[in-house]
> 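Right, I'll just put the structure down here and ask away after.
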Number of protein chains: 2
Amino acid sequence: MPPAHSSEEQFVLHWGEMSSRWGINRSVAQIHALLYLSEEPLNAEQISERLSLARSNVSNSLRELQAWGIVRVVHQLGDRRDYFESVSDVWDMFLTILEQRKRREVDPTTEMLRECVAQHEAQGRDAFALARMRSLLELLEMLAAWYGQMRSLSPASQRRVLKMGRKLTKIVGDVRPIRKGRRS
Amino acid sequence: MPPAHSSEEQFVLHWGEMSSRWGINRSVAQIHALLYLSEEPLNAEQISERLSLARSNVSNSLRELQAWGIVRVVHQLGDRRDYFESVSDVWDMFLTILEQRKRREVDPTTEMLRECVAQHEAQGRDAFALARMRSLLELLEMLAAWYGQMRSLSPASQRRVLKMGRKLTKIVGDVRPIRKGRRS
DNA sequence: CATTAATTTCTGTAATTACTGAAATAGCAG
DNA sequence: CTGCTATTTCAGTAATTACAGAAATTAATG
């Protein structure tokens, strides 16, 4: 075991703690953190040792990370074990996670809403509820459309949009940088 | 109880199912869904009945919804019970949730990263790990900056940015709407 | 100040989710 | 085919989280 609490370990540990807020489990997050900081790929055995996790747990967690698309398997010559490495580009990683979250969290919700709206229209009873469902659906569709367009830009342009910020303010012609007094 | 499986109920039920993906619990989601579809505010008793949940559960869930800022308490004249209603504007609701998630999920992570980077610099051992932590931190800070600027726009302008989409493509001067062949 | 209604806090239980260790499977080397 | 190593699946256990019901608190009314 490496010297207790190197700052790499700090990071791995903290990343693991954050995990619950992000809706993934600790093992998965810790493994990802470890791989992200590691210059060379690691195999399951090494990960299992470093983090004191059961091999089976490591195996499953690695599978999940691969499903998310942020960890890849690579091979060393003359070694038949699987080695794993994290996607290195943070922007790429961010987009990948965003895409996955959209797929898992937003898309099914949109689909469900569409069905609810359709069904509600058919039996057409409560106009108020219908209107509310519709505006929710509209929002989700607008967001999805925007996301789709951003995604169609080259990574370079995506970064550019992100860095534009202030300039956007002018383009969009906003005179009043409103100061919402809401809550607190 | 309304006729089994009106589409309002469908919505409430489905919303409850989605909840786990969104990282909140079923009761909270169901209550929010119910309030969102309800034209008039409801009190805890009514909610408890409608959804067959324990009063205490309803009470706690309502508190959580208020903490999220998407449900408010209102009062009827001559009735000392608390009545609750959902924020009605979906855009407002969206921003509120985004803000909260940033506060709970992103900000602490950023803070933690800053500490890790500082500490790592101090003891300055593994340059590779340090570089990776730095680029992660950079990304988070960039996103936070962008978010801050968007938030400073008036709601109207925010919507405008959202609807711009295609136009942004030109402003940002992207010629090649890249088609990333990544995965499937 | 006592009574009653409304709400919250607390405690135990149920349900879910995460994890381990053992057993099974897959795949390569001789 | 046989033995060996890496990986996965599975079944049981531990830990966490969600929830119900009772008890306690708060607040209003007469």
Side-chain angles (χ1 to χ4, degrees), chain A residues 12-35 40-68 71-85 104-105, chain B residues 12-35 40-68 71-85 104-105:
Chain A
V12 171
L13 253 30
H14 281 297
W15 205 247
E17 278 156 27
M18 287 296 129
S19 67
S20 64
R21 309 199 184 194
W22 281 93
I24 58 173
N25 72 43
R26 201 170 49 236
S27 308
V28 172
Q30 285 185 346
I31 292 174
H32 178 239
L34 180 62
L35 290 176
E40 60 289 325
L42 303 175
N43 64 41
E45 181 66 25
Q46 294 172 312
I47 296 170
S48 168
E49 264 173 37
R50 280 302 240 89
L51 303 178
S52 320
L53 296 173
R55 273 298 319 274
S56 54
N57 188 4
V58 172
S59 175
N60 291 326
S61 299
L62 282 169
R63 181 145 38 134
E64 190 170 339
L65 284 167
Q66 286 174 286
W68 276 93
V71 159
R72 284 187 298 249
V73 56
V74 293
H75 289 102
Q76 317 278 51
L77 283 96
D79 188 338
R80 58 200 248 259
R81 285 171 297 183
D82 289 342
Y83 282 76
F84 300 88
E85 66 180 12
R104 300 170 189 211
E105 300 175 13
Chain B
V12 170
L13 255 30
H14 281 296
W15 205 247
E17 278 157 27
M18 286 295 127
S19 67
S20 63
R21 310 200 183 194
W22 281 92
I24 57 173
N25 72 43
R26 200 170 50 236
S27 307
V28 172
Q30 285 185 348
I31 292 174
H32 179 239
L34 180 62
L35 290 176
E40 61 289 325
L42 304 175
N43 63 42
E45 181 66 27
Q46 294 172 313
I47 295 170
S48 169
E49 264 175 35
R50 279 302 239 90
L51 304 177
S52 321
L53 296 173
R55 274 298 316 276
S56 56
N57 188 5
V58 171
S59 175
N60 291 326
S61 299
L62 282 169
R63 179 145 39 132
E64 189 170 341
L65 285 167
Q66 285 174 286
W68 275 95
V71 159
R72 284 186 299 249
V73 56
V74 293
H75 289 102
Q76 317 278 50
L77 285 96
D79 189 338
R80 58 195 247 255
R81 285 171 298 184
D82 291 341
Y83 282 76
F84 300 87
E85 66 180 12
R104 299 170 189 212
E105 300 175 14

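In what follows, chains are A, B, ... by sequence order, proteins preceding strands, each numbered from 1. All of these numbers come straight from a predicted model, not from anything done at the bench.
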> Output all residues satisfying side chain to side chain donor-acceptor pair (under 3.5 Å) with A:Arg21, sequence neighbours left out; order by chain, then residue number.
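None.
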
> How many whole angstroms separate atom CG of B:Leu53 from atom C1' of D:dG21?
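Nearest whole value for this atom pair: 14 Å.
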
> Can you tell me how far C1' of D:dA20 sits from CG of B:Leu51, to the nearest Å?
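Atom-to-atom, B:Leu51 to D:dA20, this comes out as 15 Å.
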
> In whole Å, I'd like the distance from the CD atom of B:Glu64 to the P atom of D:dC19.
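Those two atoms, CD and P, are 10 Å apart.
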
> How many whole angstroms separate atom CD1 of B:Ile24 from atom P of D:dA18?
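Spelled out: CD1 on B:Ile24 to P on D:dA18 is 10 Å.
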
> Residues from residues 25-35 of chain B sitting under 4.0 Å of DNA chain D, heavy atoms only?
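Within residues 25-35 of chain B, the residues near DNA chain D are B:Asn25, B:Arg26, B:Ser27.
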
> Take atom CG of A:Leu62 and atom P of D:dT8, then tell me their distance rounded to the nearest Å.
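Answer to the nearest Å: 8 Å.
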
> Report the residues that fulfil side chain to side chain donor-acceptor pair (under 3.5 Å) with A:Ser59, sequence neighbours left out, ordered by chain and then residue number.
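None.
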
> Nearest 0.5 angstrom please: B:Leu53 CG to B:Ile47 CD1, how far?
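Rounded to the nearest 0.5 Å, the CG-CD1 separation comes to 9.5 Å.
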
> Starting at the 5' end of DNA chain D and moving along, which residue's nearest nucleotide shows up first, A:Asp79 or A:Ser56?
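Counting from the 5' end, the first nearest nucleotide belongs to A:Asp79.
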
> Mark up nucleotides 23-30 of chain D, 5' to 3', with B wherever a protein heavy atom is under 4.0 angstrom from a base atom, S wherever such an atom reaches only the sugar-phosphate, and - elsewhere.
----BS--

> Could you tell me which residues satisfy salt bridge (charged side-chain N to carboxylate O under 4.0 Å, His left out) with A:Arg104, sequence neighbours excluded, listed by chain and number?
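Applying salt bridge (charged side-chain N to carboxylate O under 4.0 Å, His left out) to A:Arg104 gives none.
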
> Please report, rounded to the nearest Å, how far the C1' atom of D:dA6 is from the CG atom of A:Leu42.
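Rounded to the whole Å, the gap is 16 Å.
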
> By salt bridge (charged side-chain N to carboxylate O under 4.0 Å, His left out), which residues pair with B:Glu17, not counting sequence neighbours?
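Counting only residues at least two positions away or on another chain, B:Glu17 forms no salt bridge (charged side-chain N to carboxylate O under 4.0 Å, His left out).
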
> What residues, two or more places apart in sequence or in another chain, satisfy side-chain contact (heavy atoms from CB on, under 4.5 Å) together with B:Arg81?
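Here the qualifying residues are B:Asn43, B:Asp79, B:Tyr83.
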
> Are B:Leu62 and B:Val73 close enough, and set up right, to give a side-chain contact (heavy atoms from CB on, under 4.5 Å), and what steps lead you there?
CA-CA 9 Å; B:Leu62 282 169; B:Val73 56; over 6 Å; no

> How would you give the extent of chain B contacts on DNA chain C, as first and last nucleotide 5' to 3' within a 4.0 Å heavy-atom cut-off?
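Here the contact window of chain B covers C:dA5 to C:dT9.
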
> Can you list every salt bridge (Lys or Arg N to Asp or Glu O under 4.0 Å) pair that touches residues 53-68 of chain B, not counting sequence neighbours?
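Listed by first then second residue: B:Glu45-B:Arg55.
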
> Categorize B:Arg55 for me: base, sugar-phosphate, or nothing, with a 4.0 angstrom heavy-atom threshold over every strand shown.
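Base contact.
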
> What residues, two or more places apart in sequence or in another chain, satisfy side chain to side chain donor-acceptor pair (under 3.5 Å) together with A:Asn57?
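Residues passing side chain to side chain donor-acceptor pair (under 3.5 Å) with A:Asn57: A:Ser27, A:Ser61.
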
> Output the rounded distance in Å from CZ (A:Arg81) to C1' (D:dC4).
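Distance, rounded to whole Å: 14 Å.
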
> Between A:Asn43 (CG) and D:dT5 (C1'), how many Å, whole number?
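Distance, rounded to whole Å: 12 Å.
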
> My understanding is that only residues two or more places apart in sequence, or in another chain, count here; which of them pass salt bridge (charged side-chain N to carboxylate O under 4.0 Å, His left out) with A:Arg72?
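Only A:Glu85 meet the salt bridge (charged side-chain N to carboxylate O under 4.0 Å, His left out) criterion with A:Arg72.
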
> List in chain and number order the residues that pass salt bridge (charged side-chain N to carboxylate O under 4.0 Å, His left out) with A:Glu105, two or more places apart in sequence or in another chain; answer none if no residue qualifies.
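Only A:Arg101 meet the salt bridge (charged side-chain N to carboxylate O under 4.0 Å, His left out) criterion with A:Glu105.
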
